Structure formats: C-alpha cells, structure tokens
Asks: 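Take this structure first; my questions come after.
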Amino acid sequence: MQGTPCKSPLECCSLYFTHDFSIFNTNYAMFFSLHPLAFSWSLGNHENFALQIADATNFYITEKVWLCLFNSTQRYPRYKHTAVQLHERIQSSSMDAKLEALKDLANASRDITFAQEFINLDGISFCPSLFLFGDLLSFTLTAFVELMDHGIVSWDTFSVAFIKKIASYVNKSAMDTAVLQRSLAILESMVLNSQDLYHKVAQEITIGQLIPHLQGTDQDIQTYTIAVINALFLKAPEEKRQEMAHILAQKQLRSIILSNVIRSPTPVNEEMAHQLYVLQVLNFNLLEDRMMTKMDPQDQAQRDIIFELRRIAFDAECEPNNSGSIEKRKSMYTRDYKKLGFINHVNPAVDFTQIPPGMLALDNMLYFARHHQDAYVRIVLENSSREDKHECPFGRSSIELTKMLCEILKVGELPSENCHDFHPMFFTHDRSFEEFFCTCIQLLNKTWKEMRATSEDFNKVMQVVREQIMRALTLKPNSLDQFKSRLQNLSYTEILKIRQSERMNQEDFQSRPILELREKIQPEIMELIKQQRLNRLCEGTCFRKISSRRRQDKFWYCRLSPNHKVLHYGDLEESPQGEVPHDSLQDKLPVADIKAVITGKDCPHMKEKGALKQNKEVLELAFSVLYESDEYLNFIAPDKHEYCVWTDGLNALLGKEMTSEYTKSDMDTLLSMEMKLRLLDLENIQIPEAPPPIPKEPSNYDFVYDCN
C-alpha cells in the first residue's frame with residue numbers, strides 16, 4: 001500500500017504479523033487500512049486486532065483511536081487479541097514458551113487497558129497457580145504486582161494459602177532478589193488495602209524475619225522491608241502499636257537502620273528517605289496517647305512523680321516526711337513547687353490537665369531529672385536563686401516546650417505521601433524525643449538568660465527558642481551532639497542579626513506615595529507572574545502516580561502546548577531527566593474543554609479511601625481539572641511549589657485570579673525589588689506624605705517665550 005511520507009515515528013506503523021512492511025496514510029480512517037489487511041490475511045474479525053507501534057514500547061493502536069492519532073500522537077496499549085494470546089501462552093506445556101509469555105505479560109501489565117482485558121479473562125486468578133515453578137517465579141510475581149497495582153481487583157479475594165506462599169519467599173534466608181522485592185511489595189499492598197489481610201499477614205511475618213533483609217547492601221530490598229514494617233505499624237490496632245514498638249526496640253531495629261542504611265556508603269535515595277520519614281512519624285505518634293492524657297490530681301501514683309521531681313531537685317534540703325506539722329510540710333512543698341516553676345504552687349498536678357501536652361510533659365521532666373540530673377538540679381537551683389521576675393520557671397517552660405516540640409514534629413498526624421523529611425539524629429537514640437527535649441530545655445534556659453527575660457517576656461522567649469530549634473533542624477544534623485553544636489551557634493544575638501538582615505531585605509514602605517506607586521506597578525507584576533506560570537506549564541512537570549502502595553516506577557507527565565491551547569499528558573517508564581516532548585505524550589485535553597479547577601478534599605481522587613491519602617499534606621497537594629460533564633484529570637503535585645505553579649497556571653488559562661501562596665510571595669518579592677530599583681535615586685531623601693501644593697497662577701504670562 002502506498003501513502004504519504006511519515007512525519008513522526010507514530011505515523012509509520014508496522015505489521016509484524018507477516019513479513020510485509022506496509023505504510024499507511026494517517027489522513028484516512030483506520031477502517032480503510034486495517035479491514036482490508038485483516039480480510040486479505042484471513043484474520044477474521046478485524047476489531048480483535050490492532051496496529052503495533054514500531055518502537056521500544058511495542059504499544060498497540062486500536063481502531064477506536066486511529067482518527068485522533070495524527071493530531072495527538074497517542075500511544076495505546078495492547079488490545080483484546082493480545083490479552084487472549086498471552087492468556088493462552090502462559091498455559092503452554094513448554095517451559096521456555098511459558099517463560100517468554102510471562103516476560104511479555106510482566107511488560108504488558110503495566111498498562112491499565114491491557115490489564116483490564118487480561119483480568120476479564122480471569123488471568124489474575126491463574127497467576128498464583130504458577131508459583132510452584134521456581135524458574136518462572138520472578139516474572140510471575142512482577143506481572144501479578146503490575147496487574148494488582150491498577151486497583152481493578154480487590155486484595156480480599158486471595159486465600160490464606162496464597163498469603164502463606166508469598167510470606168514463605170520473604171522468610172527464606174536465601175532468595176532471588178527480584179522475587180524477594182516483589183514479595184515484599186505484595187505483602188505491603190495486602191496490609192495497606194485490607195484490615196482482614198493485615199491480621200493474616202501479621203501471623204505469617206515477624207519482625208525478626210524481616211530484620212536480616214535490612215542487614216544486606218541492596219537499598220531497594222531495604223526500602224521494601226521498611227515499607228512492610230511501616231505498613232504493619234500503620235494498620236496495627238491502637239492497643240498493639242506500643243507492643244510492636246517494644247518488639248522493634250528488642251530487635252534493635254533503630255541501630256540496624258542507622259548502621260546499615262543511614263550511615264551506609266550508599267546515599268539514601270528519595271524512596272528510602274520517604275520510608276524513613278514514615279517510620280519516624282509513626283514512632284513519634286506513639287507519644288500521642290500520653291500527649292492527650294490529662295493528669296488526675298487525685299491519682300497518687302501520678303502525684304508521686306511530682307514528689308520525685310521535688311526530691312531530686314532539693315534532696316539536701318528535704319526533711320523527712322513525718323517531721324514537723326502538716327501545715328509546715330504544706331508550706332515547704334508550696335515553696336519548693338514555686339521554685340520548680342509550676343503555675344499552681346499548691347497543687348502542681350493541675351498544671352498537667354492541659355492537653356496537649358498532658359502527661360507527656362511530666363514524662364519529659366522526670367526523664368530529664370533522672371538521666372541529666374546535674375543539668376536539672378543546676379537549672380532549678382539557678383533560677384530559684386534569682387529575683388522572682390527574672391527566674392525561668394522550669395515547670396511552665398517544660399510544659400510549653402513539650403507542646404511546641406509536638407507541634408514541630410507533628411505528633412499525632414498521619415505521614416504525608418510526598419514527604420522525605422526524616423532526621424538522622426532521631427535514629428541515634430532509643431529515647432530520641434526525650435533527649436531532644438533535654439537539649440531544648442537547656443537551650444531555653446540559656447536563651448532566657450541571654451535575653452535577660454522576665455516573666456512578662458515568656459512568650460517572646462518561646463518564639464526565639466522555636467526559631468532556634470527550627471533553624472537547627474533545617475541543617476539536618478546527623479546526631480544529637482551535632483544538633484547541640486548547631487544550637488550553640490544560634491545564640492539570641494545571632495538570631496537578632498538574622499532577623500535584622502531579613503527585615504532589611506523585606507523593607508516595607510508605608511507612605512502614601514509609595515503605596516500608590518505599588519498599586520500602579522502591581523498589574524504589570526501580576527502579568528509577569530502569569531507569563532512565568534504559563535511558561536512553567538509549557539515546560540511540564542512529572543507527577544508520581546499515587547496508589548495504595550508507593551511505587552518508584554509509576555510516573556506521568558503533563559505539559560501545556562506552546563500556543564496555550566492543549567494539555568498534553570501521558571505515562572512514563574521512569575522519571576525524566578529533562579523535558580518530555582509533546583509527541584511522546586499519549587493523551588491531550590483542549591484547554592477550551594476545561595470547566596473548572598478543583599482543589600483539596602473536593603477532588604474525586606481524594607474521596608477514595610486509602611491508607612495514606614486522607615491526611616492533611618496530601619490534601620494540600622491535590623487538584624483536579626474538570627472537563628466535559630463529569631470527567632476529571634487528577635493530580636497530586638510533588639511539592640507545594642509545583643501545586644501553586646499548576647493551580648495558578650490553570651486558573652490563568654481560565655481567566656481566573658491566581659490566589660496561591662506562591663503568587664502572593666512572588667508579588668511581594670518582585671514588587672519590593674521593583675520599588676527599590678525605582679526609588680534608587682531617592683535614597684536618603686524624605687518622601688512627603690502628601691503631594692506638594694499647586695502654586696497660584698501668575699498675574700500674567702509675559703514670561704512665556706515668544707517663538708516668533
């Protein structure tokens with residue numbers, strides 16, 4: 001067949017069914033090209049066949065999408081005939097033929113359309129029956145993982161025998177790396193997607209059986225192992241999480257991760273960083289119960305903890321409990337509780353009825369008193385010897401500091417799907433939160449002295465301490481000692497210098513002429529921001545596909561066409577190193593068809609139930625494009641910056657206002673910069689609040705120059 005010359009690789013489609021090579025004119029409907037070929041080759045119903053693209057992907061093009069191929073250059077997955085063929089081939093009696101079929105199945109299953117066709121043939125139930133063949137195991141598991149990852153089939157459909165079989169691959173001491181990785185991935189998905197399967201998996205897998213996989217050198221295996229531990233931790237009932245944490249401590253999980261992962265010669269990759277972050281969050285969330293528990297002022301066991309704090313601080317001064325009258329002892333207790341810095345001197349138990357931080361604050365104080373006794377006694381006695389208004393109240397400070405640390409570490413919040421913010425120093429100690437507190441309470445006392453603060457300055461001191469802690473954490477110290485060292489360099493004087501420098505860079509002019517000039521410049525700046533957003537959309541962004549189980553190889557890319565009329569998007573095999581060309585993206589959406597941009601919890605993909613989806617941070621990164629009547633293109637931005645860029649850009653395309661935080665920040669920065677440039681010549685000149693008065697008209701105009 002003759003046709004016009006091809007303009008792109010996708011326009012030239014080869015049929016390898018025979019040894020012929022045919023060129024098709026894409027200006028004609030696929031019916032006129034495929035139907036005659038099917039008839040001449042006696043292929044039967046041509047709707048069961050498709051054209052295959054002659055590139056590395058080997059994707060197929062169906063008749064349904066032939067008409068839009070030329071304009072959108074879309075690649076479409078293998079069709080029903082391929083699914084039927086593979087379903088038959090994997091049942092071959094020849095081991096070699098079966099192996100080749102499974103290789104093809106593992107590759108084809110990545111596409112959701114093929115997966116749907118294969119699953120419709122009951123192919124998913126056939127996969128487990130192949131697990132007896134050891135040589136085929138790797139490709140069988142790979143195909144199974146890919147098919148299940150589309151969410152078409154419920155995990156609850158699989159039997160206990162199947163779970164036991166998968167668990168056996170994980171429990172074996174020597175197992176093929178690919179098989180082990182896929183098995184861990186399957187177990188993670190089972191746990192995250194079904195509470196019933198969680199109980200069954202927990203019976204088959206123990207922490208002790210998972211630990212050896214962390215002691216190897218393969219970071220992918222380590223990542224999947226920690227992912228399974230996180231999944232078990234996340235889905236465990238509330239009453240069992242403390243028990244599980246105790247087992248993890250007994251197995252020395254923390255020290256194993258520290259030595260074999262964090263301090264390994266191999267740098268921690270993005271996915272491992274996420275799993276370590278999740279583990280860090282889940283460990284800190286164990287504190288939530290104590291954080292939200294009020295102290296019972298009538299509970300003698302709890303009151304004894306306060307007595308212990310008093311005993312350690314004033315041991316030398318304490319008299320025997322039975323000495324003196326009751327009134328004298330009460331007076332002595334009240335004096336000591338005042339020295340300890342409690343708000344309620346008579347009954348300090350009342351101070352711990354505030355939640356948060358509840359009993360967690362008292363736990364921290366007792367830990368500090370017992371494990372850092374010298375520092376504790378020094379702080380208490382040092383402050384008790386000062387004037388009343390200059391003393392740093394240890395009790396009140398400890399309660400507010402504990403509350404602050406819980407806010408900084410987001411205790412009680414679910415881990416974010418996109419965050420990688422783990423801190424190595426929290427993996428260096430079994431009681432990392434308590435040690436963190438001990439370091440920070442000493443910092444608070446030091447800052448109080450440097451500020452020469454009084455009781456009226458308490459909130460100001462806490463603000464400075466929060467800034468010191470946040471700036472030190474930003475530097476990601478590798479140990480608690482390094483964290484202390486960073487805090488030493490962030491004294492109150494240094495914080496003042498940093499604040500002054502930032503204030504000078506963000507100088508705000510408030511005079512009326514300046515405000516009028518800002519208002520005049522603002523539309524120009526907004527147009528500049530709009531163009532920048534649209535340019536960024538034209539460059540495109542790689543988005544990670546969010547499913548019930550995190551995957552490293554599931555990406556899709558979206559970008560705006562240069563004429564701002566079409567959104568091109570499509571799946572990718574891996575995260576791209578640069579821009580992805582328009583003609584390699586599979587689908588397109590005309591901007592004219594977009595009805596609205598939806599954000600947050602109103603997005604359809606945020607209404608789905610998932611283990612990690614319903615948390616604040618993921619909701620803040622989610623947005624959807626509504627087109628036609630009820631069709632959606634769903635996004636989860638990789639970070640807040642990309643979220644703002646895309647929501648701003650899409651709103652700009654729709655002629656709506658750009659309202660993101662990033663736009664406000666850009667507006668402030670660019671306005672400030674433009675104002676400084678325009679006012680450069682007026683440096684050191686006082687700008688009046690009001691314009692100068694208009695002078696009176698002259699008595700005559702004789703001074704006007706006569707051009708004649």
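All of these numbers come straight from a predicted model, not from anything done at the bench.
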Asks: With heavy-atom distances below 4.5 Å as the criterion, would you say the side chains of Ile636 and His605 are in contact?
Replies: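 Yes, close enough: below the 4.5 Å cut-off.
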Asks: Examine distances only and state if a side-chain atom of Glu146 and a backbone atom of Leu105 form a donor-acceptor pair shorter than 3.5 Å.
Replies: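 Judged by distance alone, no pair lies under 3.5 Å.
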Asks: Check the pair Asn535 / Glu539 against side-chain hydrogen bond (donor to acceptor under 3.5 Å, both in side chains), numbers first and verdict last.
Replies: CA-CA 6 Å; Asn535 289 339; Glu539 294 173 9; over 6 Å; no
Asks: Out of curiosity, Gln181 CD to Thr142 OG1, how far, rounded to the nearest 0.5 Å?
Replies: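 With rounding to 0.5 Å, CD (Gln181) is 8.5 Å from OG1 (Thr142).
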Asks: At what distance, to the nearest 0.5 angstrom, does CG of Asn107 lie from CZ of Phe114?
Replies: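 Those atoms lie 9.5 Å apart.
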Asks: Can you name the nearest heavy-atom pair linking Gln275 to Ala227, along with the distance?
Replies: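 Heavy-atom minimum between the residues: OE1-CA, 3.4 Å.
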Asks: Taking all non-hydrogen atoms of both residues into account, name the closest pair between Gly570 and Gln586 and its distance.
Replies: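 What the structure gives for the nearest pair is CA-OE1, 3.2 Å.
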Asks: Is it true that a side-chain atom of His87 and a backbone atom of Leu121 form a donor plus acceptor pair closer than 3.5 Å?
Replies: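 Yes, His87 side chain to Leu121 backbone: donor-acceptor pair under 3.5 Å.
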Asks: Please report the closest heavy-atom contact between Tyr632 and Ser624, naming both atoms and the distance.
Replies: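 Nearest heavy atoms, Tyr632 then Ser624: CD2-CB, 4.2 Å.
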Asks: So does Lys410 have more than 12 non-hydrogen atoms from other groups sitting under 6.0 Å from NZ?
Replies: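 Atom NZ in Lys410 is not packed in, count stays at 12 or less.
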Asks: I need the minimum non-hydrogen distance between His274 and Glu417, along with the two atoms involved.
Replies: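 Nearest pair, atom of His274 first, then Glu417: CE1-O, 3.2 Å.
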Asks: Less than 4.5 Å apart, any side-chain heavy atom of Met244 and any of Ile207?
Replies: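 Yes; the side chains approach each other to less than 4.5 Å.
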Asks: Within the 3.5 Å criterion, strictly below it, is a donor on Thr663 or Ser660 matched to an acceptor on the partner's side chain?
Replies: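 A pair is found: one side chain offers a donor N or O, the other an acceptor, under 3.5 Å apart.
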Asks: Check whether Tyr277 reaches the backbone of Ser416 with its side chain - one donor and one acceptor, N or O, closer than 3.5 Å.
Replies: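 Confirmed, Tyr277 side chain pairs with Ser416 backbone.
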Asks: Should the ring pair Phe635 and Phe623 be called parallel, tilted or perpendicular, given that the plane angle runs from 0 to 90° and is split at 30 and 60?
Replies: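 Rings of Phe635 and Phe623: parallel, as their planes differ by under 30°.
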Asks: Does the side chain of Leu473 reach to within under 4.5 Å of the side chain of Met425, using non-hydrogen atoms?
Replies: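 Answer yes - side chains close enough.
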Asks: Show, in sequence, the C-alpha distance, side-chain angles and deciding distance for Ile408 and Met470, and conclude whether the side-chain contact (heavy atoms from CB on, under 4.5 Å) test is met.
Replies: CA-CA 8 Å; Ile408 291 173; Met470 292 298 291; 3.7 Å; yes
Asks: State yes or no: are the ring centers of Phe543 and Tyr569 separated by less than 6.0 Å?
Replies: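 No - the distance between ring centres of Phe543 and Tyr569 does not fall below the 6.0 Å cut-off.
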Asks: Run the numbers on Arg110 and Asp571 for salt bridge (charged side-chain N to carboxylate O under 4.0 Å, His left out), then give the verdict.
Replies: CA-CA 10 Å; Arg110 292 174 299 174; Asp571 293 344; over 6 Å; no
Asks: When you look at Ser109 and Phe118, which way does the side-chain contact (heavy atoms from CB on, under 4.5 Å) test go after all the steps?
Replies: CA-CA 8 Å; Ser109 298; Phe118 189 78; 5.6 Å; no
Asks: Could you verify whether a donor N or O on one side chain and an acceptor N or O on the other, from Glu642 and Thr541, lie under 3.5 Å apart?
Replies: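 Yes.
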Asks: Return yes if some donor-acceptor pair links the side-chain N/O of Ser168 with the main-chain N/O of Lys165 below 3.5 Å, else return no.
Replies: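 Present.
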Asks: Looking only at non-hydrogen atoms, find the nearest pair between Ala622 and Tyr643 and report the distance.
Replies: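 Nearest heavy atoms, Ala622 then Tyr643: O-CE1, 3.5 Å.
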Asks: Output yes when a side-chain donor or acceptor of Gln280 lies under 3.5 Å from a complementary backbone atom of His423, and no otherwise.
Replies: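 Looks like yes, one N/O pair under 3.5 Å.
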Asks: When rounded to the nearest 0.5 angstrom, what distance separates CD1 in Ile211 from CD in Gln209?
Replies: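 It is 11.0 Å, given to the nearest 0.5 Å.
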Asks: Between Ser194 and Asp196, does any side-chain donor sit less than 3.5 Å from a side-chain acceptor?
Replies: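 No, no side-chain donor-acceptor pair sits under 3.5 Å.
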Asks: Run Lys200 and Phe158 through side-chain contact (heavy atoms from CB on, under 4.5 Å) and show every step you take.
Replies: CA-CA 11 Å; Lys200 294 175 181 176; Phe158 297 100; over 6 Å; no
Asks: Quick one: are Thr266 and Thr217 in side-chain contact, heavy atoms under 4.5 Å?
Replies: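 The answer is no; the side chains never approach within 4.5 Å.
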Asks: Side chain of His213, backbone of Tyr224: donor and acceptor closer than 3.5 Å?
Replies: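 It does not hold such a pair.
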Asks: Does Val411 offer a backbone N or O that forms a donor-acceptor pair with the side chain of Asn285 under 3.5 Å?
Replies: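 It does not hold such a pair.
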Asks: Measure the shortest side-chain to side-chain distance between Arg263 and Leu258 over non-hydrogen atoms and say whether it is less than 4.5 angstrom.
Replies: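 In short, these two side chains touch, coming nearer than 4.5 Å.
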Asks: I'd like to know if Glu100 pairs up with Lys103 as an ion pair, taking the criterion as any Lys NZ or Arg NE/NH1/NH2 lying under 4.0 Å from an Asp or Glu carboxylate oxygen.
Replies: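 The answer is yes: the pair qualifies as a salt bridge.
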Asks: Counting C-beta onward and ignoring hydrogens, is there a side-chain heavy-atom pair between Glu413 and Val281 closer than 4.5 Å?
Replies: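 Not in contact.
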Asks: Can you tell if the side chain of Ser561 reaches within under 4.5 Å of the side chain of His568, non-hydrogen atoms only?
Replies: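 Sidechains of His568 and Ser561: in contact.
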Asks: State whether the side chain of Arg241 and the backbone N or O of Ala236 hold a donor-acceptor pair below 3.5 Å, judged by distance alone.
Replies: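 Present.
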Asks: Asn260 and Gln222: side-chain donor and acceptor closer than 3.5 Å?
Replies: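 Side-chain D/A pair, Asn260 to Gln222: absent.
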Asks: From Ile205 CD1 over to Leu184 CG, what is the distance, rounded to the nearest 0.5 angstrom?
Replies: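 Reported to 0.5 Å precision, the distance equals 8.0 Å.
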Asks: Does Lys595 reach the main-chain N or O of Tyr627 with its side chain, forming a donor-acceptor pair under 3.5 Å?
Replies: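 Absent.
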Asks: Using a 6.0 Å cut-off, check whether atom CD of Gln531 has over 12 heavy atoms from anything other than its own residue.
Replies: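 Counting other residues, nucleotides and ligands, CD of Gln531 exceeds 12 neighbours.
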Asks: Carefully, step by step, assess Leu276 and Ile226 under the rule side-chain contact (heavy atoms from CB on, under 4.5 Å).
Replies: CA-CA 8 Å; Leu276 291 174; Ile226 297 177; 3.9 Å; yes
Asks: Within the structure provided, determine whether Val228 and Leu210 are in side-chain contact (heavy-atom separation under 4.5 Å).
Replies: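 Yes, close enough: below the 4.5 Å cut-off.
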Asks: How about Lys476: does its NZ atom have over 12 heavy atoms from other parts shown lying under 6.0 Å from it?
Replies: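 Yes, enclosed.
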Asks: Please report the closest heavy-atom contact between Ile257 and Leu214, naming both atoms and the distance.
Replies: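 Smallest interatomic distance, heavy atoms only, reads CG1-CD1, 4.3 Å.
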Asks: Let me confirm one number: the CG-NE2 distance from Leu560 to His582, rounded to the nearest 0.5 Å.
Replies: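 Separation between the atoms: 7.0 Å.
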Asks: Inspect the contact between Arg536 and Asp648 and indicate whether a charged nitrogen and a carboxylate oxygen are less than 4.0 angstrom apart.
Replies: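 Salt bridge between Asp648 and Arg536, a charged N being under 4.0 Å from a carboxylate O: no.
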Asks: To the nearest 0.5 Å, tell me how far Met148 CE sits from Ile119 CD1.
Replies: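 Here the rounded value is 7.5 Å.
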